[in-house]
A.B. asks: 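Below is one structure. I have some questions about it.
Residue numbers start at 1 and run along the sequence shown.
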Amino acid sequence: MGTSRLRVYDWPAADGLRGGSPHLHTACAEGYVVLRGEGSVQTLGSEGFAEHPLHPGTLLWFTPGTVHRLVNASGDLEILVLMQNAGLPEAGDAVLTFPADVLADPGAYARAATAHDEASARARRDLALEGYAALRERVGREGPAALADLHAAAAALVRPRVPGFRDVWSAGPAAQAARTGEQLRALAEGRAGHLAEAAVRSTAPAPGERFGMCGRLTVWDVTAHGC
């Protein structure tokens, strides 16, 4: 499970709302636990468009393919983000909702998706919102089937990375699941040897903040500890 703390961007967009870059994940579910502030998540998925309120204590999660846009209504929205398959999101399983012509060009997409400072992060967010606005309008007219083109473009963009995804998944989430299976078999047979390996681990966050898709990220690397 990947873990990070997110301070959602408070930059106003063309529609007057403050917040992050709409995107989807191609292989990972994502969960939010609201720590501070008020806002919402706008989503496009199998049920069309929806808006989900966020308040301190809210727990909300969504599956791969769900387009999500964080809206920072109070200006101080902070979230604990829990990502399935630690390592895969960092390996690039997310795709931003850029306009169709950018999604169709891997080189143009890579350039637009790169953010190394506030200016480039804002430009990335605004371009994703441009594509998102058109997509939301289309979903309103045609229903969830209108997401098929985005999903196909997302699959094409991440396809070259899938061998790397498999390596991350095999060494991390799949290995952890297999280890749990072994422990359950041992317990069913009355064996408890693995309990003697009990240990406690701790890690500090990586220094500084990153310009994430939806806000400024403080990141903990838990993959090295087998989480």
Side-chain angles (χ1 to χ4, degrees), residues 2-28 30 32 36-37 39-44 54 62 64 66-81 83 86-136 149-151 153-161 164-165 168 205-221:
T3 306
S4 59
R5 187 181 183 112
L6 174 67
R7 294 197 300 125
V8 181
Y9 294 133
D10 60 357
W11 308 326
D15 61 3
L17 299 178
R18 296 173 291 181
S21 310
H23 64 283
L24 61 81
H25 293 276
T26 56
C28 300
E30 182 173 12
Y32 294 154
R36 177 184 180 189
S40 64
V41 183
Q42 296 180 351
T43 60
L44 297 171
L54 298 177
F62 37 86
T66 304
V67 176
H68 48 289
R69 176 198 184 186
L70 268 170
V71 175
N72 186 353
S74 62
D76 61 349
L77 183 59
E78 292 190 19
I79 292 171
L80 182 67
V81 180
M83 291 297 311
L88 281 192
E90 295 80 2
D93 101 301
V95 173
L96 292 139
T97 57
F98 292 148
D101 60 329
V102 180
L103 291 172
D105 183 338
Y109 179 89
R111 290 190 294 274
T114 300
H116 50 81
D117 57 17
E118 180 172 325
S120 55
R122 291 185 73 151
R124 176 179 66 182
R125 192 278 308 269
D126 292 344
L127 187 63
L129 283 172
E130 179 183 334
Y132 171 78
L135 184 64
R136 178 176 167 182
D149 290 343
L150 171 64
H151 291 164
L157 282 167
V158 302
R159 185 177 182 182
R161 304 191 190 114
F165 288 178
V168 171
E209 291 183 319
R210 305 178 187 176
F211 285 98
M213 292 184 178
C214 292
R216 293 172 172 83
L217 286 171
T218 300
V219 179
W220 288 266
D221 181 7

A.B. asks: Is the shortest side-chain N to carboxylate O distance from R136 to D15 below 4.0 Å?
C.D. replies: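 No salt bridge links R136 with D15.
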
A.B. asks: Does any non-hydrogen side-chain atom of S74 lie less than 4.5 Å from one of N72?
C.D. replies: yes

A.B. asks: Would a distance-only check, ignoring hydrogens and angles, find a side-chain to backbone donor-acceptor pair under 3.5 Å from R7 to L77?
C.D. replies: no

A.B. asks: So, H68 side chain and H23 main chain: donor-acceptor pair closer than 3.5 Å or not?
C.D. replies: yes

A.B. asks: Donor-acceptor pair, T26 side chain versus D93 backbone, under 3.5 Å?
C.D. replies: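 Yes, the answer is positive, given that a donor and an acceptor are paired below the 3.5 Å cut-off.
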
A.B. asks: Please name the pair of heavy atoms, one in G75 and one in R18, separated by the smallest distance, quoted to 0.1 Å.
C.D. replies: N-NH2, 3.6 Å

A.B. asks: May I ask you to test the R69-L17 pair for a side-chain heavy-atom distance under 4.5 Å?
C.D. replies: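 In contact.
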
A.B. asks: Do Y32 and L80 have side-chain heavy atoms sitting under 4.5 Å apart?
C.D. replies: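 When only atoms from C-beta onward are counted, L80 and Y32 do not touch, as no gap falls below 4.5 Å.
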
A.B. asks: Can you check whether V219's main-chain N or O pairs, donor with acceptor, with R210's side chain at less than 3.5 Å?
C.D. replies: no

A.B. asks: Are the side chain of R5 and the backbone N or O of E78 linked by a donor-acceptor pair below 3.5 Å?
C.D. replies: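 Not a single qualifying donor-acceptor pair exists.
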
A.B. asks: Measure from the side-chain N and O atoms of T218 to the backbone N and O of E209, and report whether any donor-acceptor pair falls under 3.5 Å.
C.D. replies: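 Here the side-chain-to-backbone pair does not exist.
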
A.B. asks: Looking at every non-hydrogen atom in both residues, tell me the closest pair between T97 and L150 and how far apart they are.
C.D. replies: CG2-CD2, 4.2 Å

A.B. asks: Heavy-atom distance under 4.5 Å between the side chains of P22 and L129, does that happen here?
C.D. replies: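 Result yes, sub-4.5 Å side-chain heavy-atom pair found.
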
A.B. asks: Y109 and A94: which non-hydrogen atoms are nearest, and at how many Å?
C.D. replies: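 Nearest pair, atom of Y109 first, then A94: OH-O, 3.9 Å.
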
A.B. asks: As a test of understanding, state which of L54, D76, V71, L70 forms a side chain to side chain contact (heavy atoms under 4.5 Å, CB included) with V8.
C.D. replies: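 The option that passes is L70.
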
A.B. asks: Closer than 3.5 angstrom, by distance alone: can the side chain of Y132 be matched with the main-chain N or O of L96 as a donor-acceptor pair?
C.D. replies: no

A.B. asks: CD/E130 to CZ/F98 distance, rounded to the nearest 0.5 angstrom?
C.D. replies: 10.5 Å

A.B. asks: Can you list the steps and then say if E30 with T66 is a side-chain contact (heavy atoms from CB on, under 4.5 Å)?
C.D. replies: CA-CA 10 Å; E30 182 173 12; T66 304; over 6 Å; no

A.B. asks: Could you measure the distance from the CE atom of M83 to the SG atom of C28? Nearest 0.5 Å is fine.
C.D. replies: 5.0 Å

A.B. asks: In residues 111-119, what donor-acceptor pairs under 3.5 Å come from side-chain atoms, sequence neighbours left out?
C.D. replies:
residue: R111; atom: NH1; partner: G107; partner atom: O; Å: 3.4
residue: T114; atom: OG1; partner: A110; partner atom: O; Å: 2.8
residue: D117; atom: OD1; partner: A119; partner atom: N; Å: 3.4
residue: D117; atom: OD1; partner: S120; partner atom: N; Å: 2.9
residue: D117; atom: OD1; partner: S120; partner atom: OG; Å: 2.7
residue: E118; atom: OE1; partner: R216; partner atom: NH2; Å: 3.4

A.B. asks: Check the angle between the aromatic planes of Y9 and W11 and answer parallel, tilted or perpendicular using the 30° and 60° thresholds.
C.D. replies: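 The arrangement is parallel - the two ring planes meet at less than 30°.
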
